[in-house]
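Since the structure comes first, as structure tokens, the remarks are kept for the end.
Numbered from 1 within each chain, the chains take letters A, B, ... in sequence-line order.
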Protein chains: 2
Amino acid sequence: MARERKFSTSDLFQSVKHILLQHGYDGFTISLLADRLEVSRGALYKYYDNKDELITQFMVYEMEQFIDELKEINSHTGFEPKFSFLMETIFNKTELHQLIPIAKQIKHHPDGKENKDKLEKLPLEMYRYLQDFISTGKKEGKLKSHIPDSVMLGMIFQSVAIPNHFGIPKAEWIASIKDILSDGMFVSR
Amino acid sequence: MARERKFSTSDLFQSVKHILLQHGYDGFTISLLADRLEVSRGALYKYYDNKDELITQFMVYEMEQFIDELKEINSHTGFEPKFSFLMETIFNKTELHQLIPIAKQIKHHPDGKENKDKLEKLPLEMYRYLQDFISTGKKEGKLKSHIPDSVMLGMIFQSVAIPNHFGIPKAEWIASIKDILSDGMFVSR
DNA sequence: GTCCAAAGTGACACTCGTGTCACTTTCTTT
DNA sequence: AAAGAAAGTGACACGAGTGTCACTTTGGAC
């Protein structure tokens, strides 16, 4: 290294996240990012060919980190503890789910699409990791076997995105969702 | 009217919807719309001050239409029929839920914000209409009374957005979701 | 047939963000 | 201290989309 860098990759990703969450995909500009890092736009183009590649790499990073956290699920034994861990992990990373619609907006250039592929495969990889959890649950007779795994996982993951319009306290909010996912909204007869 | 219009408002909204779903918010341009309607861009500016006002008006129209459909819920008697109607209505209008993230991206100009207000209030109006349904369900002892209404409605509405990655047939897909919402994923003990 | 008001046109000026590149700065190596 | 490699700068060319406006077209009213 001939000269010290003015910003680290994690500085950068942190800023990218901040800007994306605040301004959304199309509100994100290289200038905004450069200002925040106190460098010139040109400097950023030294490391990333273009805006979309930058955002894609950020997304991959963010997803991989999340998947790493999820892997911890295997350190819990028994179905209920695993389920609780899963819910906690998901609800502690609410921002990630705000990033998903943003990720879908990325306009991928014809060339350099390796990262695009990677990004598209990550959600599937995640599903695979959790497949175990679900099938264990079914085998143990805890989960209904006639409901497809993907519906269950889909419901679980989608639940973070529910807007809490009326500001229900976080603990009650999560408990309610867990309750519905587990035993439904209906009073059991 | 001194001269016949080349396009009706519903022509226009239909095209707007098509373009928004295909290209997303930032992919939407007045040129694209003008081309599709076979008019010049200038013509569109005769009716709408700017792009965002146009999209906002479209969104309001779309939401109001959906709310009208939902109002039909009162023509059904009994809790289960109402619930089924609600699920059907929601899952027959999947596009609308793809429009929601798009609506959030609208950049509202400082002036002319009446429509913006309207758009923000509509989801709440919708909640109000369905409040009845939920509270009736609770009173009749069908729904768990300790779970907040907004969590229930949130879960119901959010469920359309679950991506069906593995292409499960629509009927099975909806039935599974209904099942989870009603009685949960857990095997009842 | 003339008038006029609404509908439509397309060229124009403008803004904003992108990506490039020759150049400067800073530090390490020898 | 000279060389040179990596980091950073800022002016530039460019493209795409926006919104405006003087002008043309159309068709009903009189």
Which atoms of nucleotides 17-20 of chain C (N or O only) lie under 3.5 Å from a protein N or O atom, and what are those distances?
| residue | atom | partner | partner atom | Å |
| --- | --- | --- | --- | --- |
| C:dT18 | OP2 | A:I30 | N | 3.3 |
| C:dG19 | OP2 | A:Y45 | OH | 3.0 |
| C:dG19 | OP2 | A:K51 | N | 3.2 |
| C:dG19 | N7 | A:R41 | NH1 | 3.2 |
| C:dG19 | N7 | A:R41 | NH2 | 3.4 |
| C:dG19 | O6 | A:R41 | NH2 | 2.4 |

Self-check item: Rounded interatomic separation in angstrom, taking NZ from B:K46 and P from D:dC23
Solution: 14 Å

Quiz item: Expressed in angstrom and rounded to an integer, what is the separation of B:R5 atom CZ from D:dG28 atom P?
Solution: 16 Å

Quiz prompt | Intermediate values then yes/no, side chain to side chain contact (heavy atoms under 4.5 Å, CB included), A:L33 and A:T29 | solution = CA-CA 7 Å; A:L33 181 59; A:T29 65; over 6 Å; no

Practice problem: Would you kindly give the NE2-to-C1' distance between A:H23 and C:dC16, to the nearest whole Å? | Solution: 15 Å

Self-check item: Contact list for residues 6-26 of chain B, test ring pair (Phe, Tyr, Trp, His ring centres under 6.0 Å), sequence neighbours left out
Solution: B:F7-B:Y47, B:F13-B:F58, B:F13-B:Y61

Exercise. May I ask you to say whether A:K138 pairs ionically with A:D149, meaning some side-chain N is under 4.0 Å from a carboxylate O?
Key: yes

Under 3.5 Å, N/O pairs linking protein and nucleotides 3-5 of chain C:
none

Quiz item: Between A:K107 (NZ) and D:dA16 (C1'), how many Å, whole number?
Solution: 12 Å

Practice problem: Look up atom CD in B:E53 and atom OH in B:Y45, then write down how far apart they are to the nearest 0.5 Å. | Solution: 11.0 Å

Quiz prompt | Ionic contact status for B:K6 with B:E38, cut-off 4.0 Å | solution = no

Practice problem: Just call it for A:Y47: base, sugar-phosphate, or nothing, with non-hydrogen atoms closer than 4.0 Å on any strand. | Solution: sugar-phosphate

Self-check item: For atom CD1 of B:I55 and atom C1' of D:dG19, their distance in whole Å
Solution: 15 Å

Quiz item: Can you name the closest pair of heavy atoms from B:S31 and B:R41 and give their distance?
Solution: OG-CD, 3.1 Å

Exercise. Check the distance between D:dA5's C1' and A:E4's CD and give it to me in whole angstrom.
Key: 16 Å

Quiz item: Once you round to the nearest 0.5 Å, how far does CG of B:L44 lie from CG of B:L37?
Solution: 6.5 Å

Self-check item: Side chains of A:S159 and A:K178, donor plus acceptor under 3.5 Å
Solution: no

